[in-house]
Amino acid sequence: AVSGMTARGAFIVFEGVDRCGKTTQTQRLVAALQSRKVDVELCRFPDRTTATGKIIDSYLKNGVELDDHAVHLLFSANRWESAQAIRKKLAAGTTLIVDRYAHSGVCFSAAKQGMDIEWCKAPDAGLPAPDAVIFLKLAIADAMKRGQFGEERYEKQDFQTKVLDNFMQMKTDSWRVIDAKRPIDAIAEEIETLALDIINSCADKPLETLWK
Ligand code: Z5A
């Protein structure tokens, strides 16, 4: 970092299929960084607390039916609602550890009939871009060994298989792919080292814009 200036925070996004361990690992990472006195916050998408988040929550719990395009735009709007706050926090030096972001948005919607990846990417173009995407890679068969999928709309084997295919299609060389089948502690250790490296390397770099 340039001396006299606050180094910006890193924007680190976790992605993966249901039950791959995102919640477990994002929480572990935030605790580990806090114990190293890193200024850090945990966020997750969808943010079910906002106006759009409440509709999304009801949709996921099968409370309301919505057109596939409409709900896709709501998930994107739910991120746009936070975009300004994300930029401000990063600029003020706070590192953000984020449980799902726009890649989930694309991969889940594009798993539906008649929806394609290009159309799904468009509404998220222009959002703050992650400095790193950490992909917790887990086969669906292994995810299912972690207990039954839940009761929510997308928590079904066939659908999750399509979602995983979409993630593999979207993956770029810059993604950090983690073998999520290993014990929780081993994964957490690898991720902590990786995150410290990402935080150091992006302190002087401008935040980029997604898909532009
Ligand atoms: N969605 C969308 O369609 N469009 C969008 O734009 C966005 C999301 C952002 C809700 O997401 C749904 O919204 C989601 C995608 C869609 N639908 N699905 N599926 P969410 O984030 O609220 O829910 P989730 O991602 O499904 O979270 P989850 O079920 O909590 O999964 P997780 O966070 O990846 O896993 P976990 O809770 O850390 O772990 C699951 C279990 O496995 C738990 O019992 C752990 O103790 C256990 N576990 C974790 N790690 C291990 C290891 N290493 N070994 C063994 N067992 C483990």
Side-chain angles (χ1 to χ4, degrees), residues 13-31 42-50 52-64 66-83 86 96-112 115 117 119-125 127 130 133-167 170 178-191 210-211:
V13 167
F14 281 71
E15 288 285 11
V17 295
D18 194 31
R19 302 200 159 252
C20 67
K22 294 176 311 309
T23 304
T24 305
Q25 293 299 335
T26 51
Q27 287 173 353
R28 284 281 295 255
L29 178 58
V30 167
L42 179 61
C43 326
R44 66 178 310 153
F45 291 102
D47 175 354
R48 301 190 194 217
T49 67
T50 71
T52 58
K54 284 180 184 136
I55 308 174
I56 291 169
D57 182 59
S58 172
Y59 174 80
L60 288 170
K61 291 180 172 144
N62 296 305
V64 288
L66 289 167
D67 174 81
D68 293 334
H69 306 80
V71 78
H72 180 73
L73 296 174
L74 280 178
F75 272 110
S76 177
N78 186 249
R79 283 183 281 281
W80 279 104
E81 285 175 330
S82 293
I86 287 173
L96 299 177
I97 305 302
V98 187
D99 187 345
R100 292 197 190 278
Y101 194 57
H103 296 88
S104 276
V106 173
C107 293
F108 279 79
S109 289
K112 296 174 178 179
M115 305 279 286
I117 286 182
W119 188 91
C120 291
K121 280 172 78 173
D124 284 315
L127 283 171
V133 174
I134 297 180
F135 184 71
L136 300 185
K137 192 172 181 192
L138 188 68
I140 302 302
D142 292 318
M144 292 181 71
K145 286 184 198 141
R146 294 184 178 174
Q148 285 300 305
F149 283 126
E151 297 293 307
E152 290 200 337
R153 188 179 292 266
Y154 297 146
E155 297 180 341
K156 298 182 184 81
Q157 184 178 1
D158 290 358
F159 193 79
Q160 294 287 331
T161 303
K162 287 186 195 150
V163 171
L164 182 55
D165 286 349
N166 288 339
F167 273 124
M170 289 197 85
I178 304 281
D179 173 6
K181 201 182 165 182
R182 294 170 300 150
I184 290 173
D185 286 348
I187 299 168
E189 220 172 281
E190 183 182 353
I191 287 174
L210 195 61
W211 298 330

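Note that ligands are numbered from 1 as they come in the structure, with each ligand's atoms numbered from 1 the same way.
- In this pair, Trp119 and His69 present their aromatic rings perpendicular. The plane angle is above 60°, beyond the 30 to 60° band.
- The residues Asp142 and Lys145 are annotated as salt-bridged, a charged nitrogen and a carboxylate oxygen being separated by less than 4.0 angstrom.
- At a 3.5 angstrom cut-off on N or O pairs, Cys20 counts as close to ligand 1.
- The single protein non-hydrogen atom nearest to atom 34 (O) of ligand 1 is Lys22 NZ, 2.6 Å, given as residue, atom name and distance.
- Of the candidates Arg100, His72, Lys145, Arg19, the one placing a heavy atom closest to atom 44 (O) of ligand 1 is Arg19.
- Residue-level proximity to ligand 1 for Ile56 is absent, since no heavy atom of it falls below 4.0 angstrom.
- The protein heavy atom nearest to atom 52 (C) of ligand 1 is Arg146 NH2, 3.2 Å.
- Taking the six-membered ring where tryptophan is involved, the planes of Tyr154 and Tyr59 are perpendicular, since the angle between them exceeds 60° and thus also 30°.
- Under 4.0 angstrom from ligand 1, there are no non-hydrogen atoms of Ala102.
- Of the charged side-chain nitrogens involved, at least one lies within less than 4.0 Å of a carboxylate oxygen, so that Arg28 and Asp185 count as a salt-bridged pair.
- Only the side chain of Arg48 comes within 4.0 Å of ligand 1, judged by heavy-atom distances.
- By heavy-atom distance, the residue among Arg44, Lys156, Lys112 lying nearest atom 21 (O) of ligand 1 is Arg44.
- Regarding atom 45 (C) of ligand 1, its nearest protein heavy-atom neighbour is Thr24 OG1, 4.0 Å.
- Inclusion of Phe108 in the set of residues having an N or O under 3.5 Å from an N or O of ligand 1 is not warranted.
- Taking atom 29 (O) of ligand 1 as the reference point, the nearest protein heavy-atom neighbour is Asp18 OD1, 2.7 Å.
- Counting protein heavy atoms only, atom 33 (O) of ligand 1 is closest to Thr23 OG1, 2.5 Å.
- Under 4.0 angstrom from ligand 1, the non-hydrogen atoms of Leu60 all belong to its side chain.
- Distance from atom 1 (N) of ligand 1 to its nearest protein heavy atom, with residue and atom name: Phe75 CE2, 3.5 Å.
- Looking at Arg153 against ligand 1, nothing comes within 4.0 Å, counting heavy atoms.
- Phe159 and Phe108 have tilted rings, their planes meeting at an angle from 30° to 60° on a 0 to 90° scale.
- The aromatic rings of His103 and Trp211 sit perpendicular, their planes meeting at an angle over 60°, well past the 30° parallel limit.
- Scanning the protein heavy atoms around atom 19 (N) of ligand 1, the nearest turns out to be Gln160 NE2, 2.9 Å.
- In this structure, atom 55 (C) of ligand 1 has a protein heavy-atom contact shorter than 4.0 Å.
- No N or O atom of Tyr101 sits closer than 3.5 Å to an N or O atom of ligand 1.
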